[in-house]
Number of protein chains: 2
Amino acid sequence: MNIETTVAEMAKAAGRAARALARCSSEEKNSALNRIAEKLIENKAEIQAQNAKDVDAAKNQGLSAAMIDRLTITDKVLSTMADGLREVAALEDPVGSMDGTWVRPNGLAVSRMRIPLGVIGIIYESRPNVTIDAAGLCIKSGNAVILRGGSESLHSNQILAETVAEGLAESGLPETAVSLIPVREREAVNALLNQDAHVDLIIPRGGEGLIRFVAENSKIPVLKHYKGVCHVYVDASAETGMAMEICMNAKVQRPGVCNAMETLLVHQDAAQTFLPEMARQFGRAGVELRGCKKTRQILPDIIPATEADWPEEYLDLILAVKTVASMDEALAHIAAYSSQHTEAIVTSHYQRAHRFLQEADSSVVLVNASTRFNDGGQLGLGAEMGISTSKLHAFGPMGLRELTTTKFVVLGTGQIRT
Amino acid sequence: MNIETTVAEMAKAAGRAARALARCSSEEKNSALNRIAEKLIENKAEIQAQNAKDVDAAKNQGLSAAMIDRLTITDKVLSTMADGLREVAALEDPVGSMDGTWVRPNGLAVSRMRIPLGVIGIIYESRPNVTIDAAGLCIKSGNAVILRGGSESLHSNQILAETVAEGLAESGLPETAVSLIPVREREAVNALLNQDAHVDLIIPRGGEGLIRFVAENSKIPVLKHYKGVCHVYVDASAETGMAMEICMNAKVQRPGVCNAMETLLVHQDAAQTFLPEMARQFGRAGVELRGCKKTRQILPDIIPATEADWPEEYLDLILAVKTVASMDEALAHIAAYSSQHTEAIVTSHYQRAHRFLQEADSSVVLVNASTRFNDGGQLGLGAEMGISTSKLHAFGPMGLRELTTTKFVVLGTGQIRT
């Protein structure tokens, strides 16, 4: 069978599984998730043996230590995967819930019922734990999933997907609800992106190149997250100590992630008191600052920022700093360079907080809190499937609810339209 | 300027207008809608003069009387457009509303705030009233819109779009919030579908060919509605009189629309009593029946249905009829042939009603009511922008809410992530 046919058959089988899974109760889905968690630990030896093949190949190919670290399934990684499944089992099931019913003048009772999307295709790179995380979220939300992992972790992903399928079967759920594309060839991705008759949604997780490729070649709707160019705006009225703590946390706590601050905007009335001490703290933390002209009048020793710095997602201990004459200028800068991911204001001024919440056009907008809170767990959604920076369907962290949709259910007593 | 550049400039201007419109209060938007309604009546002579150019050209090209009828802006059509705008002005504004706030253990207060999508591109055929309906819904939901109407109504659409722009300007709203692509060339559609940097959503309204073209060529997310192959399932326990009224209404009241019944499924235990009288009523209404083998054992005079009938959207006084041995068979038929538009059951049996609501996987599922209720107005959403039959973002009638999305707003008091 060629790849196109293999993937088409998987998509059809996933469609059948999705219809069965949509009818399962929360109890059935939770017990499958807990069974899979157990099996991950039971199958440890075999999982790690398969994983060793991927790790050895990666070493032979001379991949970086960081890549090999991300690829390796240690005991700790495995138990974290199992715990993740148990946490998803404990989350509230959105499927079947209705957010209110209204009654029409003719007596029809109308509600929106939350239902699974159907079949989700997930295309990801490198880390094999995504195989388990994605499977868990899809099963809980009643969706079948077709996984396409990175080629360097194919052996690991295969044994993990088999473990999931066994756990599903032992729990009486359709084992084809979770399947993994079993080949390395790139054309398998295109084959998946063509399955618009059977697949309802594609979620790419990985670098910008992968995401752009998927978005441009998919016939299926795509939920995507390009990058996080997150801003903190320190208003003239900000409490200096709070502003410093928030900025330090947003930049330094974990600089390699999408919700880290990449550009700091400072009102010129705050700059004189705020910037010198903030720069000292950043300096001690090893952060390289790149400043606009006004910023460099206060911090003459830092590197000049160029136009290329403002749209840049450094994912590193580098920070662009701009001193602005007004909140208008800060909001205009955000509108021009933001990736619509996360923006925060530090202020003590009610109207400015209110205005920032209204006008900053990003998936999460915060007042007096770190950008690092743009995360499904931190916002109380539970585990997440990534963060959407496009507005359709989901904008921000994608939890279980974002993996569902609603249909209208209408209860009548014989009504006809006149 | 070539078409690509013209459309790109329109998209950029629309993006700027969208940011301004997103900040307008409901009062400002409503007063603009009411002003535009007045202007439609004030500009009647000029609108009808421009419309006459399109109508004359259509007559010269030998278009059908039905097409010319749809194209003509009579006094009645114009006042219906104006009334439609006033009705949209009276609807509740979804922008800015929040559906509850939850507080995290660290004190962060998290909400989802409803916001406009940004810029919407609408590609439609023929009827010029869509220009006004779409403009009204987009303005009220805070979105800018780029309109691409049918080439045969270009003069009409241009004068209508100019009237809207004047009304916006007179009300202090950005006049580029509503713009119309001013050329007939097909490449303007492709140019619009390439504006993913500025346009957030494309809605095609028209025949299946147009919709498929848009879905396959768009770099921008598309909300689409292919067709309505709607089923009514008459259960063994159905009240016969109610079933007949609902089926008659679903098929006959307006056969040319997407929420009309196209296939009738009858449980074999009801068929003997139900089908002969139902067939007589359909016969009197001029409905041609096409039956499966079992149906023709009861109604031997009707045309045999072929495999081609089951996925067919007749949009005419034709009905496919299938007698089924069980509810399982009815649901399997719906799963195989449904366009995920509308399904109804007529039953007196609680569990079967419940099961049908759960398992019929369409945008609107009804118990004991006509399929004709799949309509934004009928379901209480107000005016609609069409009916989505794909599940992402919106599934079913698209009212004002479906033209918005949500962002997370987070109120803190200095929280950082640890």
Side-chain angles (χ1 to χ4, degrees), chain A residues 19 22-23 96 99 102 104 108 110 113 115 117-118 200-201 215-216 219 221-223 239 242 245-246 248-250 253 335 353 357-359 361-370 372-374 378-380 390-393 395-397 405-417, chain B residues 19 22-23 96 99 102 104 108 110 113 115 117-118 200-201 215-216 219 221-223 239 242 245-246 248-250 253 335 353 357-359 361-370 372-374 378-380 390-393 395-397 405-417:
Chain A
R19 284 190 289 282
R23 293 197 287 271
D99 50 352
W102 58 101
R104 301 291 302 150
L108 284 179
V110 185
M113 180 193 283
I115 57 171
L117 288 167
D200 297 277
L201 171 65
E216 282 171 16
K219 289 192 184 159
V222 176
L223 281 188
E239 284 184 21
M242 184 197 287
E245 274 193 47
I246 287 173
M248 183 59 77
N249 186 256
Q253 196 231 1
L357 289 176
Q358 300 294 322
E359 297 188 22
D361 190 28
S362 291
S363 77
V364 173
V365 185
L366 308 101
V367 177
N368 295 344
S370 169
R372 294 273 296 115
F373 287 110
N374 186 349
Q378 294 295 322
L379 294 181
S390 50
K391 290 182 173 174
L392 222 67
H393 187 77
F395 192 33
T405 188
T406 57
K407 69 181 177 187
F408 289 87
V409 303
V410 181
L411 303 183
T413 51
Q415 283 84 349
I416 59 171
R417 191 158 162 191
Chain B
R19 283 190 289 282
R23 293 197 287 272
D99 51 353
W102 58 102
R104 300 292 302 150
L108 284 179
V110 185
M113 181 194 282
I115 56 171
L117 288 167
D200 297 276
L201 172 66
E216 282 171 17
K219 290 192 186 160
V222 176
L223 281 187
E239 284 183 21
M242 184 197 287
E245 274 192 47
I246 287 173
M248 184 59 78
N249 186 255
Q253 196 230 1
L357 289 176
Q358 300 294 322
E359 297 187 22
D361 190 28
S362 290
S363 76
V364 174
V365 184
L366 309 101
V367 177
N368 294 344
S370 169
R372 293 274 296 114
F373 288 110
N374 186 349
Q378 295 295 322
L379 295 180
S390 48
K391 289 182 173 175
L392 221 66
H393 187 77
F395 192 33
T405 188
T406 58
K407 69 180 176 189
F408 289 88
V409 303
V410 182
L411 302 184
T413 51
Q415 283 85 347
I416 60 171
R417 192 158 162 193

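Order of the sequence lines fixes the chain letters, A, B, ..., with proteins taken first and strands second; residue numbering starts at 1 for each chain. The basis for the numbers below is simple: all heavy atoms, side chains too, and nothing from hydrogens, waters or symmetry mates.
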Worksheet item: Any side-chain heavy atom of A:F373 within less than 4.5 Å of one from B:V410?
Response: no
Can you tell which part of [X] gets under 4.5 Å to a heavy atom of chain A, answering side chain, backbone, both or neither?
{"X": "B:N374", "value": "neither"}
{"X": "B:R417", "value": "both"}
{"X": "B:S390", "value": "neither"}
{"X": "B:Q378", "value": "both"}
{"X": "B:L201", "value": "side chain"}
{"X": "B:L357", "value": "both"}
{"X": "B:V409", "value": "both"}
{"X": "B:R372", "value": "both"}
{"X": "B:N368", "value": "both"}

So which of [options] has the largest heavy-atom pair count under 4.5 angstrom toward chain A?
{"options": "B:V365, B:L117, B:T405, B:D99", "result": "B:V365"}
{"options": "B:P397, B:A335, B:A215, B:S363", "result": "B:S363"}
{"options": "B:Q253, B:M242, B:M113, B:K219", "result": "B:Q253"}
{"options": "B:P221, B:G380, B:G96", "result": "B:G380"}

Discussion item. Heavy-atom cut-off 4.5 Å, strictly under: side chain, backbone, both or neither for A:L392 against chain B?
Written reply: both
Fill in: Which atom of A:F408 lies closest to which atom of B:F395, heavy atoms considered
CE1-O, 3.6 Å
Worksheet item: In chain order, what residues pass the side chain to side chain contact (heavy atoms under 4.5 Å, CB included) check against A:E245, with sequence neighbours excluded?
Response: B:I416
Fill in: Choice from A:V110, A:D361, A:L379 maximising heavy atom contacts with chain B below 4.5 Å
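The answer is A:L379.
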Discussion item. Counting heavy-atom pairs closer than 4.5 Å to chain B, which one of A:A369, A:G414, A:S370 comes out on top?
Written reply: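 Maximum pair count with chain B is reached by A:G414.
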Response to the item:
OG1 of A:T413 to CG of A:L108, rounded to nearest 0.5 Å, is 7.5 Å
